[in-house]
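All values below come from the heavy atoms of this structure, side chains included, with hydrogens, waters and symmetry mates left out.
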Amino acid sequence: MTTTLEPPKKSFKAQMLEAREQAITASVNRLLSEKGFDAMTVDEVAAEVGIAKASLYKHFNSKEELACAAMVQAMQKALAFLEELQAPTQSPSSALNKLKATTRWTLELKLAGQMPTLPSHNSSLRASLMASRPYMDGLMNVSDLLGAWIVQAQKDGDINPALPPIAVLYTLYARACDPVVEFLKMSQLHSNEEITEMVMSTCFDGLMSRKN
């Protein structure tokens, strides 16, 4: 008779540390979405989590490390969503519908303040992300999945085949930091659902294949 070995249970201290780190990354995620990396401060993160700044540095050594952890978590969340879309248990769906579902999910997170803003090219965070193996691996996996769907959508005649797939990919990535979303939300003229539909329309109508 074989017995299944259960993984050792985490100590109470380890569980508390893990819970605190999750609270920290959740706070960083929100602040990155609301203010961006340059405007966010370590003091703000510590105050929001309710811990001393010195305690914060026991978990993360720098502001860049804080933001990098939140970006890694966001990338892992995105990858899990994409993998769920292509799971065998899901109903058959076209490549275009998968791309639309992904973009809609991104916009909904952004409007809810849960999508961290991508760093600028000259940001110190960008250098940290480029050096992060978990982030870069996640980015490559997400890009590979989206890229395959883009190519298939072009073969299906749903996306303009004259567009380079990389241009389509970057167009979809840009929705995660699209300033139009913030401007429309600040106007208070439209609901989050209306904003999502408008941005979805302007994005995918521009990518559609020009059919006679």
Side-chain angles (χ1 to χ4, degrees), residues 29-39 70-71 73-86 90-123 125-126 129 135 138-212:
N29 194 4
R30 189 190 66 76
L31 289 169
L32 286 175
S33 174
E34 179 184 303
K35 310 180 76 169
F37 175 73
D38 293 330
M71 295 294 289
Q73 189 179 75
M75 190 61 68
Q76 291 171 341
K77 189 175 182 179
L79 182 58
F81 179 82
L82 266 61
E83 289 176 340
E84 184 178 345
L85 281 181
Q86 68 167 10
Q90 291 292 319
S91 301
S93 182
S94 68
L96 178 63
N97 285 340
K98 290 176 182 176
L99 292 171
K100 285 185 174 181
T102 302
T103 306
R104 185 183 301 279
W105 176 78
T106 300
L107 290 170
E108 288 172 350
L109 284 182
K110 184 173 179 61
L111 285 163
Q114 298 174 15
M115 177 62 66
T117 303
L118 296 174
S120 60
H121 285 289
N122 59 353
S123 170
L125 172 57
R126 187 172 185 273
L129 292 174
Y135 179 82
L139 179 61
M140 290 300 102
N141 289 332
V142 167
S143 297
D144 286 346
L145 281 172
L146 291 176
W149 295 344
I150 290 167
V151 171
Q152 185 59 53
Q154 289 178 314
K155 290 180 179 178
D156 294 341
D158 293 324
I159 289 181
N160 188 352
L163 294 171
I166 190 69
V168 179
L169 178 64
Y170 289 160
T171 297
L172 298 182
Y173 273 149
R175 303 290 71 75
C177 50
D178 191 343
V180 171
V181 177
E182 278 86 4
F183 292 147
L184 288 171
K185 187 167 185 177
M186 283 190 298
S187 74
Q188 298 184 339
L189 297 174
H190 306 282
S191 67
N192 286 357
E193 292 76 13
E194 290 172 335
I195 293 172
T196 297
E197 292 306 320
M198 284 188 283
V199 176
M200 287 284 294
S201 178
T202 56
C203 176
F204 283 94
D205 287 353
L207 293 173
M208 284 177 62
S209 185
R210 298 295 183 260
K211 298 178 181 177
N212 296 325

Distance from Met75 atom CE to Asn141 atom CG, nearest 0.5 Å? 10.0 Å

Quick one, Leu79 with Leu145, criterion side chain to side chain contact (heavy atoms under 4.5 Å, CB included). Give me CA distance, side-chain angles, the key distance, then yes/no. CA-CA 9 Å; Leu79 182 58; Leu145 281 172; 3.9 Å; yes

For Arg175 and Leu107, which heavy atoms make the closest approach, and how far apart are they? O-CD2, 3.9 Å

d(Ser94 OG, Lys100 NZ) to nearest 0.5 Å is 8.0 Å

Strictly distance-based, threshold 3.5 Å: is any side-chain N or O of Lys185 a donor or acceptor partner for the main-chain N or O of Leu111? yes

What distance do Leu99 atom CG and Asp158 atom CG have between them, rounded to the nearest 0.5 Å? 9.5 Å

Over all heavy atoms of both residues, which pair between Ala70 and Leu32 is shortest? Give the atoms and the distance, please. CB-CD1, 4.1 Å

Would you say Leu96 and Asp156 make side-chain contact, with heavy atoms under 4.5 Å? no

Which atoms form the tightest heavy-atom contact between Asp178 and Lys110, and what is the distance? O-CE, 3.5 Å

Decide side chain to side chain contact (heavy atoms under 4.5 Å, CB included) for Val168 and Ile159; before the verdict, give the C-alpha distance in whole Å, the side-chain angles of both, and the deciding distance to 0.1 Å. CA-CA 9 Å; Val168 179; Ile159 289 181; 4.2 Å; yes

Give a yes or no answer on whether the side chain of Ser33 reaches the backbone of Asn29 with a donor-acceptor pair at less than 3.5 Å. no

So does Glu84 have more than 12 non-hydrogen atoms from other groups sitting under 6.0 Å from CD? no

With a 4.5 Å limit on heavy-atom distance, are the side chains of Leu184 and Leu189 in contact? no

Just how far is it from atom CD1 of Ile150 to atom CG of Leu172, taken to the nearest 0.5 Å? 5.0 Å

Taking all non-hydrogen atoms of both residues into account, name the closest pair between Trp149 and Leu82 and its distance. CH2-O, 3.7 Å

Minimal non-hydrogen separation, Asn97 against Ser93, with atom names: CB-OG, 3.1 Å

Rounded to the nearest 0.5 Å, what's the gap from CG on Leu169 to CG on Asp144? Could you check? 9.5 Å

Say whether, by atom type as modelled, one donor and one acceptor occur between the side chain of Gln86 and the main chain of Lys98 under 3.5 angstrom. no

Begin with the C-alpha distance, continue with both residues' side-chain angles, and end with the deciding distance and a verdict on side chain to side chain contact (heavy atoms under 4.5 Å, CB included) for Tyr173 and Val142. CA-CA 10 Å; Tyr173 273 149; Val142 167; 3.5 Å; yes

At what distance, to the nearest 0.5 angstrom, does CD1 of Ile195 lie from CD of Glu108? 12.0 Å

Take Arg104 and Glu197 through the side chain to side chain contact (heavy atoms under 4.5 Å, CB included) test and state the conclusion after the steps. CA-CA 8 Å; Arg104 185 183 301 279; Glu197 292 306 320; 2.4 Å; yes

Ala153 to Ala95 - nearest heavy-atom pair and separation: N-CB, 3.8 Å

